[in-house]
Chemist: 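Right, I'll just put the structure down here and ask away after.
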Amino acid sequence: MSKNRVNELFGTADALREKGMPLYMQVKKAIQASITAGRLLSGDTLPPERDLAKYLDVSRVTIRRAIDELVKEEVLTQRQGAGTFVSERVEQPLNHLRSFTEVMMARGKDITSKWLDRSLGMPHDDECKALQLSPEQEVVRFYRLRFADGKPMALEMATIPSRYIVNPFAMEGSLYSLLEKQGCRPVRAFQRLRAISIDEQRASLLDIPALSAVLYIERTAVTQDGTPIEFTRSWFPGDSYDFVAEIHNTI
């Protein structure tokens, strides 16, 4: 890569001499600034370490330390033999009720799923509470690993009262599309989000290290008349999503 391109992305060597800040931190800051400004986009390849070191006039050890920090923070991703990339992230609005399929299709992604469970059974305590069911009312469960362009993007466990979907094998693609066909698509939802360390089994499915930080979301969705119809628990890799919401001043 040329010196002009490196300087265009990260600034000149002279700009990386801010007093009182370690040099690797200045390189890290320059890389982050390039991503924030949109000069480097999700999926873009970072210039080779040797070019960065040469044109920014720093050692390769300095470059490697800056990159290692950003990899730990999941800003960058390294692939053996392929290089260092800006982590690909999906921006998912929190103020619109949309299915995984709808979000990914809007971004032109190729969507596939791996079924882990489709079953009919009695509700667990948390499902009874979320869906306002008695322990004798059956539910259907859909547990699947969701992919976008071949990359594992989410684990989803959806629970629906069986009066809406009697046969769990009736659902092949989008859950919301099926519910819409039956005239009972949810219109509102309450979501609870928190960061957790993922267990070894789910980490293996998502192809990430065990105990990695993931975003866990519980969503309870209701129909037009306020009846709970969906209780979904989802696990999202921390390096793949930005969840955003528009906030209004109500004063």
Side-chain angles (χ1 to χ4, degrees), residues 42-43 71 73-77 79 85-119 124 126-127 130-131 139-160 165 168-180 185-186 188-222 228-245:
S42 293
V71 169
E73 294 173 12
E74 300 180 337
V75 175
L76 300 177
T77 302
R79 301 174 196 161
F85 301 80
V86 179
S87 296
E88 294 192 58
R89 305 181 70 86
V90 173
E91 189 173 281
Q92 182 159 326
L94 290 174
N95 49 344
H96 296 290
L97 184 54
R98 303 173 71 190
S99 69
F100 176 90
T101 301
E102 291 166 340
V103 170
M104 293 303 171
M105 285 185 65
R107 286 158 178 76
K109 302 290 186 180
D110 179 38
I111 308 150
T112 54
S113 296
K114 177 182 178 181
W115 285 105
L116 305 173
D117 179 51
R118 275 186 284 185
S119 59
H124 303 144
D126 56 347
E127 294 168 330
L131 296 170
V139 296
V140 291
R141 296 188 185 93
F142 304 108
Y143 186 32
R144 52 185 170 168
L145 176 62
R146 313 301 304 271
F147 297 85
D149 290 343
K151 178 183 178 181
M153 293 293 285
L155 272 170
E156 289 184 345
M157 168 69 86
T159 304
I160 309 293
I165 302 175
F169 291 92
M171 209 256 288
E172 292 292 343
S174 169
L175 173 60
Y176 278 18
S177 292
L178 177 59
L179 292 173
E180 187 168 12
R185 178 181 172 124
R188 291 184 295 109
F190 174 80
Q191 293 194 137
R192 186 184 301 275
L193 299 79
R194 66 177 182 268
I196 63 169
S197 296
I198 197 165
D199 60 86
E200 185 174 350
Q201 183 181 20
R202 291 191 176 97
S204 177
L205 290 168
L206 288 169
D207 195 23
I208 58 177
L211 303 181
S212 293
V214 298
L215 190 64
Y216 172 71
I217 299 181
E218 288 185 356
R219 179 174 70 214
T220 302
V222 302
I229 189 174
E230 173 208 8
F231 178 50
T232 293
R233 287 135 290 176
S234 303
W235 295 261
F236 297 94
D239 65 347
S240 298
Y241 287 87
D242 287 321
F243 287 87
V244 298

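When reading the values below, keep in mind they use all heavy atoms of this one structure, side chains included, and skip hydrogens, waters and symmetry mates. Given the structure is predicted, the values throughout are model-derived calculations rather than measurements.
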Chemist: Rounded to the nearest 0.5 Å, what separates atom CZ in Phe236 from atom CE in Met153?
Modeler: 9.0 Å
Chemist: Quick one: CD1 on Ile217 to CZ on Arg194, what's the gap to the nearest 0.5 Å?
Modeler: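 Ile217 atom CD1 to Arg194 atom CZ measures 11.0 Å (nearest 0.5 Å).
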Chemist: Determine the minimum heavy-atom distance between Ala158 and Leu175, stating which atoms define it.
Modeler: CB-CD2, 3.9 Å
Chemist: Measure the NZ-CZ distance between Lys114 and Arg144 for me, rounded to the nearest 0.5 Å.
Modeler: 14.5 Å
Chemist: Indicate whether the side chain of Thr220 and that of Arg192 have a donor and an acceptor atom separated by less than 3.5 Å.
Modeler: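 No, no side-chain donor-acceptor pair sits under 3.5 Å.
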Chemist: Distance from Asp117 atom CG to Tyr143 atom OH, nearest 0.5 Å?
Modeler: 9.5 Å
Chemist: Do the non-hydrogen side-chain atoms of Phe231 and Glu218 ever get within less than 4.5 Å of each other?
Modeler: yes
Chemist: Could you report the tightest heavy-atom contact between Ala221 and Pro186, atom names first, then the distance?
Modeler: CB-CB, 3.5 Å
Chemist: Ignoring hydrogens, what is the shortest heavy-atom contact between Pro237 and Val214? Give both atom names and the distance.
Modeler: CA-CG1, 4.2 Å
Chemist: Working to the nearest 0.5 Å, report the span between OG1 of Thr159 and CD of Glu127.
Modeler: 3.5 Å
Chemist: Using the side chain to side chain donor-acceptor pair (under 3.5 Å) criterion, which residues pair with Asp126? Sequence neighbours excluded.
Modeler: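 Testing Asp126 for side chain to side chain donor-acceptor pair (under 3.5 Å), a comparison that skips the adjacent residues, returns none.
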Chemist: Please name the pair of heavy atoms, one in Leu206 and one in Trp235, separated by the smallest distance, quoted to 0.1 Å.
Modeler: CD1-O, 4.1 Å
Chemist: For a quick test of reading the model, state the closest non-hydrogen atom pair linking Ala203 to Ile198 and the distance between them.
Modeler: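 Where Ala203 meets Ile198 most closely, the heavy atoms are CB-CG2, 3.6 Å.
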Chemist: Not counting sequence neighbours, which residues clear side chain to side chain donor-acceptor pair (under 3.5 Å) with Thr232? List them please.
Modeler: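 By the side chain to side chain donor-acceptor pair (under 3.5 Å) rule, Thr232 matches Glu230.
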Chemist: Sequence neighbours left out, what pairs pass salt bridge (charged side-chain N to carboxylate O under 4.0 Å, His left out) with at least one residue falling in residues 196-208?
Modeler: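 The answer is Asp199-Arg202.
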Chemist: Kindly indicate, with the supporting measurements, whether the criterion side chain to side chain contact (heavy atoms under 4.5 Å, CB included) is fulfilled by Ile165 and Phe142.
Modeler: CA-CA 11 Å; Ile165 302 175; Phe142 304 108; 4.1 Å; yes
Chemist: Can you tell me how far the CG atom of Leu205 sits from the CG atom of Leu155, to the nearest 0.5 Å?
Modeler: 5.5 Å
Chemist: Among residues at least two apart in sequence or on other chains, which ones pass salt bridge (Lys or Arg N to Asp or Glu O under 4.0 Å) with Glu172?
Modeler: Arg118
Chemist: With sequence neighbours left out, write down each residue that passes salt bridge (Lys or Arg N to Asp or Glu O under 4.0 Å) with Arg185, or none if nothing qualifies.
Modeler: Glu102, Glu180
Chemist: Tell me, please, which residues at least two apart from Arg146 pass side chain to side chain donor-acceptor pair (under 3.5 Å).
Modeler: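 Side chain to side chain donor-acceptor pair (under 3.5 Å) check on Arg146 returns Thr101, Ser113, Glu156.
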